[in-house]
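Please read the structure below before turning to the comments.
Within every chain, numbering begins at 1; the chains are lettered A, B, ... in the order of the sequence lines, protein sequences first and strands thereafter.
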Amino acid sequence: MPELPEVEVVRHSLEPKLRGSRILRVVAGAHPADVVQVPLQDLAHAVERRRIVGLSRRGKTLLLELDSGALVTVHLGMTGELTLAKPGEPYPRHHHLSLVLDQGRELRYRDVRRFGRIGLVRPGEREQFERRLGPEPFAPELTPETFHRRLHQRRRAIKALLLEQSFIAGIGNIYADEALFRAGIYPGRPAGSLSLKETNQLLASLREVLAEAIARRGTTIRDYRDGLGRPGENQAFLRIYGRAPGSPCPLCGSTIQRITIAQRGTTFCPRCQPVAPITAASRSETAGSSGSRTG
DNA sequence: ACACTGCCCTGCGAGC
DNA sequence: TGCTCGCAGGGCAGTG
């Protein structure tokens, strides 16, 4: 499931190969209309004979910057793969679209579940693209204070908000669970109930799990590969996501639980992430037991 | 504006 | 062995 770290690794792996390349033509594979958000002729017209001047990322979306000022947006959804091949190599199953480039290269998009999207942002449309997305997790202007202020206005479960791309961009199910676990925050806590201290901890944990995942070239549960076809290494370091309910917490040994929040499977440790925040008083009350009293 | 539901799509693994 | 079924989930449209 490509989230911010995986998209960043794809970006990093492809950028040196794509920068300066000229797009010769667009080739449609299977079900192109399922993944391409504009008519193919419009896409072809906008990209053919254009040069790729850069590759950037916004949230989970990869942006091919063209010399016309237009952007080709690539969202990998659940199972999208953007890889380089040579023209003439056999197409894999579930190949949907290719950009044939100069210098004997072809940028290919395949997506088993077709949840991904390829779009076009014309010059002048950047602002409306940008308006749909919340801040980048690493943006310096995203301080604990501003984050706390925005959380305070919302009543949804904190995890549901972390998954909302218009609230903060780039977080998906894996890193939401990992960050909440590290911060010791119950995923179902109403967002507005987080203290400034907890918000500070959550933001720090988010940045930690994302930075570590990027350094390990992403998390490959099943399908994820970078732009050169290589899997990531971060899956071996996940602390809570993907663990079976009933198995022991790697930190405290308590029984891991699984619930549903915002239609997403949510794995957490009821002891490390208590429903009510741990206070000095409740800590001494329940020390050494699995007491679940509220206080 | 916000909260929430259903839907899209395929592969995989459990169960019979 | 071979079948069915439930599940995985990001984002968007639709509803209240």
Determine the contact category for Q263(A): base if any of its heavy atoms lies under 4.0 Å from a base atom, sugar-phosphate if only primed atoms, P, OP1 or OP2 are that close, otherwise nothing.
base
Minimum-distance nucleotide to H94(A) side chain [options: dA3(B), dG11(B), dG10(C)]:
dG11(B)
Tell me what G265(A) touches on the nucleic acid: a base, only sugar-phosphate, or nothing, going by heavy atoms under 4.0 Å.
sugar-phosphate
E65(A) and S56(A): side-chain donor and acceptor closer than 3.5 Å?
yes
Determine yes or no for a side-chain-to-main-chain donor-acceptor pair under 3.5 angstrom, with R50(A) supplying the side chain and D67(A) the backbone.
no
Side chain R113(A) and base dA8(C) donor-acceptor under 3.5 Å
yes
Please say which of T199(A), L196(A), I168(A) ends up in a side-chain contact (heavy atoms from CB on, under 4.5 Å) with L151(A).
T199(A)
5′-ward residue of the pair A160(A)/R264(A) relative to DNA chain B
A160(A)
Quick one: is dG11(C) close enough that its OP1 or OP2 comes under 4.0 Å of any side-chain N or O from R132(A)?
no
Taking only side-chain nitrogens and oxygens of Y175(A), does any of them come within less than 4.0 Å of OP1 or OP2 of dG10(C)?
no
Using the side-chain heavy atoms of H75(A), tell me which of these nucleotides is nearest: dA8(C), dA3(B), dG11(C).
dG11(C)
Can you classify the ring geometry of F268(A) versus Y186(A) as parallel (below 30°), tilted (30 to 60°) or perpendicular (above 60°)?
perpendicular
Phosphate OP1/OP2 of dA3(B) contacted by R154(A) side-chain N/O (<4.0 Å):
yes
Just call it for R110(A): base, sugar-phosphate, or nothing, with non-hydrogen atoms closer than 4.0 Å on any strand.
nothing
Check whether any side-chain nitrogen or oxygen of R222(A) sits under 4.0 Å from OP1 or OP2 of dA8(C), and answer yes or no.
no
